[in-house]
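Naming convention: chains lettered A, B, ... in sequence-line order (proteins, then strands); numbering from 1 in each chain.
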2 protein chains.
Amino acid sequence: MTAEHWLEQLHDHGYRITAARRAVVDTIFGATHALTPIQVYDAARKKYRALGLVTVYRTLEKLEELHLIQRVHQPMGCQAFIAAGVGHQHLLLCQQCGQVEFFEGDDLEALTKSIAKKTGYQIKEHWLQLFGLCANCRA
Amino acid sequence: MTAEHWLEQLHDHGYRITAARRAVVDTIFGATHALTPIQVYDAARKKYRALGLVTVYRTLEKLEELHLIQRVHQPMGCQAFIAAGVGHQHLLLCQQCGQVEFFEGDDLEALTKSIAKKTGYQIKEHWLQLFGLCANCRA
DNA sequence: TTTCTTATTGAAAAACGTTTTCAATAATTA
DNA sequence: TAATTATTGAAAACGTTTTTCAATAAGAAA
Ligand SMILES: [Mn+2]
Ligand SMILES: [Mn+2]
Ligand SMILES: [Zn+2]
Ligand SMILES: [Zn+2]
């Protein structure tokens, strides 16, 4: 999965490849921190000066729609985005520096079955997120 | 835990008991759905007509500060609040009607240990939320 | 390539949710 | 009861997101 592949994906869904979209994609692809629209704007403008903030919003919307990025919910706010994980993955966030990683291998089946029985709910999805200190920030 | 107890809590922390605060507390206490500030405003105004939206924001702020309510994060938005769970609990939400329940008894220790080892993170907290259909909405 | 169609653009304005300001009011204390 | 001061709602300010719109540029067709 490369930034060029994101552009292909956009193209395959009938969207045009533009300098503005390239700048946004290049900025958010491979970022190790979740970025807010303004942060994307500031960073992407270094690659493409004429970029408008509106276009950032519109591009993020499309990338989210294609599941190439996903929103990151945090205590501070829920307006940040990061490259989406592939398959079933969850986020691990550093409370100090904001670094974001994915992990997999959670097994919540026993739990969800037990809760379903107890509550009468049919459970369809789950959100799981871990917070802590990354190796760097622990030191 | 009663609505009157929330008011006591406010009072014990040096806040005054007012008609506006009573209306907000009565509205959000015991609600089965997470409520946004505007929803609280609309509902609470039926009990206290002169209530201002600003006071709703300010009261929610204080109730959250005292851990009497907590923010509910959802795909649709993250501006809603509900009476906080006691102890270590997590949310279970109905995707159809929005009903909110708490559950406990999740055991993520094996998982967090494994992820800590794998990633070098020191894991401090976790967010877990289940989504599904409540008994009513299944039918 | 050149032409044509139309999706995309950025600027400006509008809309939106939230916070700040402020003078009047009302809850608590003395 | 009088004095103090936290709280109030209205209005204004604020930051973010969305809408509007005419100009532009990407991609298709020739
Ligand atoms: Mn999972
Ligand atoms: Mn837990
Ligand atoms: Zn870190
Ligand atoms: Zn339901």
Side-chain angles (χ1 to χ4, degrees), chain A residues 4 6-28 34-66 68-69 71-81, chain B residues 4 6-28 34-66 68-69 71-81:
Chain A
E4 214 48 47
W6 285 21
L7 294 169
E8 274 174 44
Q9 283 276 90
L10 283 169
H11 187 258
D12 291 351
H13 284 78
Y15 297 121
R16 294 179 180 176
I17 307 301
T18 68
R21 284 176 179 163
R22 267 180 206 286
V24 171
V25 162
D26 286 351
T27 296
I28 196 164
L35 300 175
T36 63
I38 298 265
Q39 288 174 324
V40 171
Y41 176 65
D42 288 339
R45 243 153 66 93
K46 287 172 185 153
K47 307 179 187 204
Y48 179 62
R49 273 274 206 64
L51 179 67
L53 177 58
V54 195
T55 300
V56 172
Y57 276 97
R58 293 193 274 226
T59 304
L60 291 175
E61 201 175 281
K62 284 165 185 59
L63 293 175
E64 192 181 22
E65 169 194 321
L66 299 181
L68 296 171
I69 63 172
R71 188 177 294 271
V72 176
H73 298 258
Q74 284 178 273
M76 291 197 32
C78 306
Q79 291 74 39
F81 293 87
Chain B
E4 215 46 48
W6 285 20
L7 293 169
E8 272 174 45
Q9 283 276 92
L10 283 168
H11 186 258
D12 290 351
H13 284 78
Y15 297 121
R16 295 179 179 176
I17 307 302
T18 68
R21 283 175 181 163
R22 265 180 207 286
V24 170
V25 163
D26 286 350
T27 296
I28 196 164
L35 300 175
T36 62
I38 297 265
Q39 288 174 325
V40 171
Y41 176 65
D42 288 338
R45 243 152 66 94
K46 287 172 185 154
K47 308 177 187 204
Y48 180 61
R49 272 272 207 66
L51 179 66
L53 178 57
V54 195
T55 300
V56 172
Y57 277 98
R58 293 192 275 225
T59 304
L60 291 175
E61 200 175 283
K62 284 166 183 61
L63 293 175
E64 192 181 21
E65 170 194 321
L66 299 181
L68 296 171
I69 63 172
R71 187 177 295 271
V72 176
H73 297 258
Q74 283 178 275
M76 292 198 30
C78 306
Q79 292 74 39
F81 294 86

Integer-rounded Å distance: [N] [atom2] and [X] [atom1]:
X: A:His11; N: D:dA25; atom1: NE2; atom2: C1'; value: 14 Å
X: B:Leu7; N: D:dT7; atom1: CG; atom2: P; value: 13 Å
X: B:Leu53; N: C:dG17; atom1: CG; atom2: C1'; value: 9 Å
X: B:Tyr15; N: C:dA26; atom1: OH; atom2: C1'; value: 18 Å
X: A:Leu60; N: D:dT16; atom1: CG; atom2: P; value: 14 Å
X: B:Ile38; N: C:dT18; atom1: CD1; atom2: C1'; value: 10 Å
X: B:Gln39; N: C:dG17; atom1: CD; atom2: C1'; value: 14 Å
X: B:Arg22; N: D:dT8; atom1: CZ; atom2: C1'; value: 16 Å

Counting any heavy atom closer than 4.0 Å, what does [X] reach on the DNA or RNA strands: base, sugar-phosphate only, or nothing?
X: A:Tyr48; answer: sugar-phosphate
X: A:Leu51; answer: sugar-phosphate
X: B:Arg58; answer: base
X: B:Ala19; answer: nothing

Any side-chain N or O of A:Thr18 under 4.0 Å from OP1/OP2 of C:dT9?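 So the side-chain polar atoms of A:Thr18 do come within 4.0 Å of the phosphate oxygens OP1 or OP2 of C:dT9, strictly under.
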
Does OP1 or OP2 of C:dA26 have a side-chain N or O of B:Arg16 closer than 4.0 Å?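 No.
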
Toward the 5' end of DNA chain C, by each residue's nearest nucleotide, B:Tyr57 or A:Val54: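 Taking each residue's closest nucleotide, the earlier one in sequence belongs to A:Val54.
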
Please test B:Glu4 against B:Arg22 for side chain to side chain contact (heavy atoms under 4.5 Å, CB included), starting from the C-alpha separation and ending with a verdict. CA-CA 9 Å; B:Glu4 215 46 48; B:Arg22 265 180 207 286; 3.5 Å; yes

Donor-acceptor contact below 3.5 Å, side chain B:Arg21 vs main chain B:Arg16: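 Yes; judged by distance alone, with no hydrogens or angles, the pair exists.
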
B:Arg71 side chain to B:Cys78 main-chain N or O, any donor-acceptor pair under 3.5 Å?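 At least one qualifying donor-acceptor pair exists.
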
Quick one: which of C:dA11, C:dT9, D:dT7 gets closest to the side chain of A:Ala20?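 Of the candidates, C:dT9 comes closest.
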
I need the single residue from A:Ile69, A:Leu63, A:Leu68 that forms a side chain to side chain contact (heavy atoms under 4.5 Å, CB included) with A:Val25. Which is it?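 Output: one option passes, namely A:Leu63.
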
Along DNA chain D (nearest heavy atom to each residue), the more 5'-positioned of B:Tyr41 and B:Gly14: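 With B:Tyr41 and B:Gly14 compared, the 5'-side residue is B:Gly14.
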
Evaluate B:Phe81 against B:Val40 for side chain to side chain contact (heavy atoms under 4.5 Å, CB included), listing each step before the verdict. CA-CA 9 Å; B:Phe81 294 86; B:Val40 171; over 6 Å; no

